[in-house]
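Working notes, beginning with the structure itself.
Throughout, residue positions are numbered sequentially from 1 according to the sequence presented.
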Amino acid sequence: MYVCNCNGVTRTEVDEAIAAGAQGPEAVLAHHGCEPCCGRCLPEIADRLSVGGIACGGTARARSLVAAE
Ligand code: FES
């Protein structure tokens, strides 16, 4: 299942990036050589980060990006 449709990043790939130490949504995408385009995936990636119990400095920024739309 795709989490980031712009970059074709799947949920499994998000979890791989988190396991490798990515600590924010942008870092998760960067782990796979991508960067945010529309930003719609950032809240879901932030949620995956918080479910994993990993501190996520990008959560507030991700939510503000979506709220700004
Ligand atoms: S869905 Fe991830 S940047 Fe657009």
Exercise. Say you draw a straight line from CD of Glu35 to SG of Cys4; how long is it, rounded to the nearest 0.5 Å?
Worked result: 10.5 Å

For this session: Apply side-chain contact (heavy atoms from CB on, under 4.5 Å) to the pair Val9 and Cys41, showing each step before the final yes or no.
Result: CA-CA 10 Å; Val9 177; Cys41 61; over 6 Å; no

Are the side chains of [Y] and [X] in contact, using a 4.5 Å heavy-atom criterion?
X	Y	value
Pro25	Leu49	yes
Arg48	Ile18	yes
Leu29	Ile45	yes

Exercise. Do His32 side-chain atoms and Glu13 backbone N/O form a donor-acceptor pair below 3.5 Å?
Worked result: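 Yes, the answer is positive, given that a donor and an acceptor are paired below the 3.5 Å cut-off.
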
For this session: Mark yes or no for whether Asn7, through its side chain, and Pro36, through its backbone, hold a donor-acceptor pair below 3.5 Å.
Result: no

